[in-house]
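A quick note: this is a predicted structure, and the numbers were derived from the prediction, not measured. Each ligand, and each atom within it, is numbered from 1 in the order the structure gives.
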Amino acid sequence: MKITNARVIVCSPGRNFVTLKIETDEGLTGVGDATLNGRELAVASYLSDHVLPCLIGRDAHQIEDIWQFLYRGAYWRRGPVTMTAIAAVDTALWDIKAKAAGLPLYQLLGGKCRTGVMVYGHANGRDIDETVDEVLRYRDMGYQAIRAQSGVPGLQSVYGVGRGRMFYEPADASLPSEHDWSTEKYLDHTPRLFEKVRDAVGWDVHLLHDVHHRLTPIEAARLGKSLEPYRLFWIEDPTPAENQEAFRLIREHTVTPLAVGEIFSSVWDCKDLIQNQLIDYIRATVVHAGGISHLRRIADLAALYQVRTGCHGATDLSPVCMGAALHFDISVSNFGVQEYMRHTEETDAVFPHAYSFQDGMMVPGDVPGHGVDIDEDLARKYPYSRAYLPVNRLAHDGTLWNW
Ligand code: CS2
Ligand code: MG
């Protein structure tokens, strides 16, 4: 089956998405997500200018060979732009292969390992009371796992606290907006938040929290220790992960489980953290970590060390990524949890999908392929509009910090 055509579709139904569509001489098509939040056009160009010309005429069934060609063949390996582009090709080709087999993708990945995929939703509030109310609302919607984030007194804007209730979207300005940050205020506030949340929601729900790369290792150790009484499922990205040794220090001080990896793009970013058992959950997902093919390698390495998966699933990962991730989640043995931030109605309409949510669980659906498509006519009505993620500055003196 030959690849006859491939195109990149950039659209913005509420937020920007980059989608790759591959066509074959047998009439089968496949789609892959290529969205890299805030740097969308870099991946669109990488694909259109450098990848697509090499795809035409290749056998669409040779997924692994094409993956290796794009990875080794570029000479310049890894990095988020390259790996997102490779992921889009890989996802589209798995979609085509599963359609050719007449099977939902999870069947090609070994079949179901579980009845459904436990997802966590985002409960956000401007203060503790509002967050507690949101946690209860998510529990009432059936969620078994809930991430809680709250505004911090004295800070203008804090990661995770959005404008809407279901649709938090950080990439909110055509030039980066500036947020303020105080580690001291945050470290005082967060244990109070979880004390109140646990009091209100009890112990039958998993609670998660995203630190979003903001602490130093010793501060992260302190946070993990102070949250131990509230038995969190995980704290995420407690400190930046460029220097992976940093996690050893956190580990020495706390038994709060750690999740890392939403910005990782290959197994090489994960390797030391996993092999040294410095984390409990690996957050890499389909679109930013080389597609289904590469994510399976990461998961297999993680399985050797009892590290489980917790795929990133924010709104900047399109429904195409979500669909593919759900096929991966339901078929991988060391699955932990899947993040699920709902897309807007406009986004859902542009990307018709077979997956669904019920009682805190999601299923990928049973149509052949990964079950997500793009309505190109509708997509054309939502042209690209530049949007950046914010930057962070320390509240007391304006030093640029990690957002
Ligand atoms: C995040 C994201 O979902 C998460 O855990 O950390 O909201 C992240 O900020 C965005 O995906 C950035 O594009
Ligand atoms: Mg995160």
Inset, instruction - Return yes if a side-chain donor-acceptor contact under 3.5 Å exists between Thr35 and Asp316, otherwise no. - result: no

Legend entry - Arg198 to Trp203 six-membered ring, cation-pi geometry met (6.0 Å, 45°): yes

Inset, instruction - Taking the Mg ion (ligand 2) as the reference point, name the nearest N/O/S atom of Asp210. - result: OD2

Legend entry - Sub-4.0 Å atoms of ligand 1 with respect to non-hydrogen atoms of Asn37: 12 (C), 13 (O)

Legend entry - Protein contact to atom 9 (O) of ligand 1 [nearest heavy atom, distance to 0.1 Å]: His212 NE2, 2.8 Å

Legend entry - Nearest candidate to atom 12 (C) of ligand 1, where distance is taken over non-hydrogen atoms, out of Thr35, Leu389, Leu208: Leu389

Inset, instruction - Using ring pair (Phe, Tyr, Trp, His ring centres under 6.0 Å) as the criterion, point out the one residue from Phe357, Tyr138, Trp234 that pairs with Tyr120. - result: Trp234

Inset, instruction - Identify, by atom number and element, the atoms of ligand 1 in contact range of Trp403, meaning under 4.0 Å from any of its heavy atoms. - result: 9 (O)

Inset, instruction - Would you mind running through ligand 1 and noting each atom that sits below 4.0 Å from a heavy atom of Ala314? - result: 2 (C), 3 (O), 7 (O), 11 (O)

Inset, instruction - Report the relative orientation of the aromatic rings in Tyr46 and His50; use parallel for angles under 30°, tilted for 30 to 60°, perpendicular for over 60°. - result: perpendicular

Legend entry - Between His122 and Glu339, a side-chain donor and acceptor under 3.5 Å: yes

Legend entry - Distance-only side-chain donor-acceptor flag, Asn5 / Glu23, under 3.5 Å: yes

Legend entry - Any donor-acceptor N or O pair under 3.5 Å, side chains Tyr159, Asn402: no

Inset, instruction - Examine ligand 1 and decide if any of its atoms is less than 4.0 Å from a heavy atom belonging to Tyr340. - result: no

Legend entry - Vertex the Mg ion (ligand 2), arms to Glu236 OE2 and Glu262 OE1, rounded to 10°: 90°

Inset, instruction - Would you tell me whether Thr315 and Glu169 have side-chain atoms, one donor and one acceptor, within less than 3.5 Å of each other? - result: yes

Legend entry - Nearest-neighbour protein heavy atom for atom 3 (O) of ligand 1, which is reported as residue plus atom name and distance: Glu339 OE2, 2.5 Å

Inset, instruction - Heavy-atom contacts with His312 under 4.0 Å: which atoms of ligand 1 show up? List them by number with element. - result: 1 (C), 2 (C), 3 (O), 4 (C), 11 (O)

Legend entry - Polar side chain donor-acceptor pair, Arg251 to Asn276, under 3.5 angstrom: no

Legend entry - Closest protein heavy atom to atom 7 (O) of ligand 1, given as residue, atom name and distance to 0.1 Å: Tyr159 OH, 2.9 Å

Inset, instruction - For ligand 1, indicate whether the residue Arg147 contacts it via side chain, backbone, both or neither (heavy-atom separation under 4.0 Å). - result: side chain

Legend entry - Taking atom 10 (C) of ligand 1 as the reference point, the nearest protein heavy atom with its distance: Asp316 OD1, 3.5 Å

Legend entry - Arg283: numbered ligand 1 atoms lying under 4.0 Å from its heavy atoms: 4 (C), 5 (O)

Legend entry - Nitrogen or oxygen of Tyr120 less than 3.5 angstrom from that of ligand 1: no

Inset, instruction - If the plane angle is over 60° it's perpendicular, under 30° parallel, otherwise tilted; pick one for His294 and Tyr71. - result: parallel

Legend entry - Trp181 six-ring centre to Arg214 NZ/CZ under 6.0 Å and within 45° of normal: yes

Inset, instruction - Identify which of Met341, His288, Arg39, Glu262 has a heavy atom lying nearest to atom 4 (C) of ligand 1. - result: Glu262

Legend entry - For Asp210, the ligand 1 atoms whose distance to one of its heavy atoms is below 4.0 Å: 1 (C), 4 (C), 5 (O), 6 (O)

